[in-house]
Each structure stands twice: as C-alpha cells, then as structure tokens.
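Just so we're on the same page: letters track the sequence lines, and every chain starts at 1.
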Amino acid sequence: MKKVQVFDPALCCSSGVCGTDVDQALVTFSADVDWAQQNGLQIERFNLAQQPMAFADSAVVKGLLERSGEAALPITLVDGEVAFAGRYPTRDDLGRWLGAVASASELPAADPQAAPSGNCCSGGACC
Amino acid sequence: MKFLDQAPRFLFFTGKGGVGKTSIACASALELTRLNKRVLLVSTDPASNVGQVFGIRIGNQITNVAEVPNLSALEIDPQAAAQAYRDRIVGPVRGVLPDAVVKGIEEQLSGACTTEIAAFDEFTALLTDGALTQNFDHIIFDTAPTGHTIRMLQLPGAWSGFLEDGKGDASCLGPLAGLEKQRTQYKAAVDALADPLKTRLILVARAQAATLNEAARTHGELAGIGLSKQYLVINGVFPESETVHDALAQAIFDREQAVLANLPDALRDLPTDQIGLKAFNLVGLAPLRQLLAAAEPAVPTAADVPPGAPPISAPSLASLVEAIAREGHGLVMLMGKGGVGKTTLAAAVAVELATRSLPVHLTTSDPAAHLMETLDGTLEHLTVSRIDPHEVTEHYRAQVLASKGAKLDAAGRAVLEEDLRSPCTEEIAVFQAFSRVIREAGKKFVVMDTAPTGHTLLLLDATGAYHRDVARQMGSSGRHFTTPMMQLQDPRQTKVLIVTLAETTPVLEAANLQTDLRRAGIEPWAWVINNSVAAAAVTSPLLQARAHNELREIAAVATHHASRYALVPLLKDEPIGMQRLQLLSKQGA
C-alpha cells in the first residue's frame, strides 16, 4: 500500500472548508480524502499553520518551499516522492494509488481540481 | 448567600460584562478563606481587574494575595497565552523554513481563534491538573463575558464528540496541533464540569430584562452541555429605602421590581440571591467583605456624599446625529458589549435621522434584539429588518451544499455537511447577510445594531479575509471594486459609535474594542455613554454617590478615549416608542 502525505497551505482548520468563500478545491479534496480513507488508502494531511515542523522535517518539502515559496503548496508526496505541487490530487489520482483496492475507472468521477485559491480564512474567522 | 452554601471545588461566575462578576467572585473568595478554606481565584477575562481589586499585580502565575492568608490568584491573559502558543508552533521552524513562509504561519495564527484556544488550554489545565491545584480547596473562576465563556465550555464537548465519532479529523476547530494528545485533558475537563459535586455555575445578572434574558440563555446552553448545577445572583438591586428621595430612584426601583417579579421561566426555579446596590466602589478588602456580609445594603447618608454636583453637561446624541445627517447617506454601526443599550441607541439614531426626512434602514444581527418593541411603531422614511443568525446559517449551508457540493457523491456530501457544522459557519453566514445590507448605505442610511463584541470582531475578521480574497482576484484585472472592509474603513462611508456605560469594566472593554477596531483599520467615530446617572438630576444619596463615581469614567472617555462623544442620561421612563427615543437623543447640552 502506498503512503500518501499532503502538505496543505496555512489553513485555519484541517479541512479548510471554512472561510468567507468555501473553496471548491478544498471541498472536493476533503470528500476525496474521506473516500480514499474509507477505501483503505493511508493518507495524512499536514497543515502549515498547525504542524510546520512536518514541513521542516521533510527535505523534499522544505526544498520546494525554499525554491518556490508558499506557491508550491499543496504538495503531495507518495512514498516520500513528490507527486504533485501547487494543486491537489484528483480522485482518479487517489484511486491509482489505491491500486489493488479499486481501479480508477470504477470510481465515481471527480471534478478536475483547480489550484486552491490560498488560505481558506486567513483572518482566523473560523472558530 | 445560597450560592456559597456547601460550595463545591469549582465555582464559576458568569454573566455579561459590567454585572459585577469580579466583585462577587472576589468577595466569595474572601468569604471562603474566612471559613479557613484555601482558595485560588482565576480570571479568564481579557480585561481582568482582579489584581486592581486587591491592589497587587497578579498576571500569568499563581500569586499569593499577601493581605489574605490562604488566598491566591491567577489571571489568564489570553493575549500572552496566544503569544506563547504561537512561539511554541513557530519557534522551531524560524530560520529553518523560508522567512516568508514563517510570516504566513504567524498571520494565520494571529486570529481571535488562536487566542481563544490558547486561553482555553490553560483553563482546562486548571480543571484537570492535580499538581497545579492540589493545594486548594476551591478554585473560583471569574470568567470572561458570557459568549466567550460558552464557547470555551462548549469546545471540549464538541472536540470529544468529533474525535469519538472516529473522524480523526476535527475540522475547523482551530489551530490545534496534535488534537489527540489533548483529548484526555478535554474529556477530564468536561467530566469535571458536568459533575455537580465538583462544579457549580453561578449566573450573575442585574435586575434588567436584557441581562436576565441573557442569563436564561446561558443557563439553557450550559445545562445542555451538562453543567446542570446552577445558581442565580442578582447584583446591584436598587434598595426601596432610597425611593423616597427622588422620582428617578422610584422609577428605577419600580422598573427593577417589575423585572424581578417577571423572571424568565428558565431562571425561576434556580436558587437565587439578591445583592443590594452599593454606593461605594468595590475596590479593596473592606468593601468586598461588606458586599456579601450585609443583608441590607449599606446606604450612604447625605454626609457620605461629596457636595452635590449639578448634572454634568455634555454633548447630546442628537448633536452627533446632526453631524452624521450631513453626509446624506452612510453606514452607522453601534458596537459594544451586550447590555449597554446598543439596540435602544441604534433605534434612537435611526428615528432621529428619519425625522429629518432622510431614508433609513435600521437592522440588527443580535439574536437578542428587541428592535420592534423598542420602536413600538412605524415612521415614514424608516425601514426595519433583522438578520436571524439561525436562519441565515441554514440558508448558507443549503447554498454551499447545492453549489460546492453539487458534484459530490452522498458520502462526499456527508463530509461537507459535517464540515459546515463548524462554529465558523454561522459567523460567515451572518457576515454575508450583513454585507448585503451595508451595500444599501451608498444611497441611504443604514443603522446597524451589532451583536456583542466577540461576534462582531469575528465578522470583521471575516470581512478582512473576504477583502483579501477579492483583492487578489480583482487586483490584476484592473476592475473597480469595493469590499465591505473598504467600506468599513472609509470614515465618509461608515461611522462606528462605541456604546458604553460610565463604569470601570464597560469603559475598559470599550477601550479594548476600540484597539481591536483600529487594528482592523477602522477608526471609531464617536463614543456614546449610555444610562448615565451623572447626566440626570438626582437627590437620592445612593444615586448621587454613583453619579460621583461616574465622573471619573466620563472624563476618561471625553479626554482620553473618544475623539467625540455624547452622554445619554438614565431616564425615568424606559425609552420605548418614537417620542421617548427622540427625547433621549435631545437630552444633554
């Protein structure tokens, strides 16, 4: 089983589904993550505002941040290697990594992901 | 006093700002030490004045009160707690991650949310950490004003709930790293709160419908999360013996007694104590010991009162409205703590503008609003509306589910629905309803009676985030745009009136609000001091003494806090209906 790690931008909450305008990319990804986990994919999310050490501890993520700044986020690592930077994986991508559990073609279609429009509620207005 | 009979380990005093929580909490601490108990007095109020009451500096460490054996105190400073929290998160990555990235993290952690969580962390530690508190028989919490406290108390329940649902992912519950490791602590805190042998909640109110209604709401909400053992203390009850002196004293007494005879149902059966209104300032040990000891209030005699000063002369509300009216249109926001009379003053401002034949829309997002009763009639040029937080939140949820959830399958929609149950959703929904209304201010006057402060600030935060979103999207396109935040920051479009009473705590809280507003780039336009005894003609020694005490606060507002201000006197008749509202505006110089 592949190990997927997603490094989110600084979000006010772990899903990012909050803020004055709910970001479609975060809504879709939140649902996709739930779906992938239900299907047995090992997937971890790290929020820059909550767990910055996770970003510093990963040489790959740290290097991307040094080169491209926050624009590199979100970053997705699969088994420690960069799979995506600057956008979230789609349900198809997650399905591919699920591999044996289900094939991507059998999975419900998901919207192509747009790049997230940044912090979901940078004013901290969410709680 | 019933509320101190067989006192359990944890005592919580809660209620609106300015009802006298701190005085009663301090007096209770003194009373328990008199019974040879070891007491820790904890303030979680951002504007704590426990130290001031005892004449010592307290702060973030447990400090012995030298003059009172067995008494210690602690002031949880939310700002300091938040800073420590930020340092804990950001410190290890400073110099490791790029500076711009670190700065982004700090910005995200500078919201009201972080402050609240950090203070809450310290607070749960006191409920659960044996080592910290084992030397004390009683821990008395002089909590922050009601809304804030409710949120703090509700959080552990919500968090445990989220975690127990096996979600493993508590969305939108704030910047809380490593939620799991806090789980035990929050669970223990909730258990302690719900155990009547350990915890007693004392609702403090005044003999005013608004504070009693708020106490009834708090009662319901806290009983709902398991805090069932509750007592009621009605503070500052006006003594009958004073009514012989003047008509205003008689009117206050009658008004209060009518309110007391008509307590909200939820409060009727609670064990209740009344504490008489005092003429003296409750600062220092002697007056505090007197507060609970005397069954009958100590009423001053004429000899105790400084030589009778005439009612002070200050600008009237109408004089402020005169200046506002000149603009022809704009947004007028009344802000301040609950219980200071924002609704009444908003109605008075709206009526005053409408009688000048200016088009006015008066609106509120305060769940406790009683605009219609206050206006008690209609007026040409005046329209009235109310943003119902519950209603707009439902509408917002449905809307997001229909738009952003359109492409999701059933499981995905369930996840989104769960996410939308987060505490932020209501704030956002109210904000959106609110920004629809303020757009009207380009053509007419919009007078807003805003909800209590914490809520309002969250709205402003939301406004700021929205502004940055729009600015980023529109900035490059060269198109013209105005966000609600820009409108709030423009003094020609928006005038913020800060409402307060001429008492120490409300003035302090109003000053804190002003600081917060300035940080958001909003400069309050004026202050309104409401219900002033000093502005009324009184002969009752008790009222004269109180009028005298007000002078210092009024001077602080006039010379130090406000760039312009108005003083509204305490009136004999409640300002209900168009005529009395107009009368209220005209009072003063």
Item to check | Residues which pass side-chain hydrogen bond (donor to acceptor under 3.5 Å, both in side chains) with B/D87, listed by chain and number, not counting sequence neighbours | outcome: B/Q83

Checklist entry - Is any side-chain heavy atom of A/P52 closer than 4.5 Å to a side-chain heavy atom of B/I89? => result yes

Item to check | Shortest non-hydrogen contact from B/V96 toward A/E66 | outcome: O-OE2, 3.8 Å

Item to check | Heavy-atom closest contact (B/G412 atom, A/A31 atom, distance) | outcome: CA-CB, 3.5 Å

Checklist entry - Top residue by heavy-atom pair count (under 4.5 Å) with chain B, among A/V33, A/L48, A/V61, A/L65? => result A/L48

Checklist entry - Do you know the tightest heavy-atom contact between B/A100 and A/E70? => result O-OE2, 3.8 Å

Item to check | Within-4.5 Å side-chain heavy-atom neighbours: A/T28 and B/K407 | outcome: no

Next on the checklist: Measuring from atom CG of B/L416 to atom CG of A/L26, what distance do you get when rounded to the nearest 0.5 angstrom?
Outcome noted: 11.0 Å

Scan the side chains in residues 75-82 of chain A for donor-acceptor partners under 3.5 Å anywhere in the protein, sequence neighbours excluded, and list what turns up.
residue	atom	partner	partner atom	Å
A/D79	OD1	A/K3	N	2.8

Checklist entry - Which heavy atom in B/V93 sits nearest to a heavy atom in A/A56, and how many Å separate them? => result CG1-CB, 3.9 Å

Item to check | Closest non-hydrogen atom pair, B/K404 against A/V27 | outcome: O-CG1, 3.7 Å

Item to check | Contact check, side chains of B/V400 and A/Q24, non-hydrogen atoms, under 4.5 Å | outcome: no

Checklist entry - Looking at B/L408, B/L97, B/V102, which makes the most heavy-atom pairs under 4.5 Å with chain A? => result B/L97

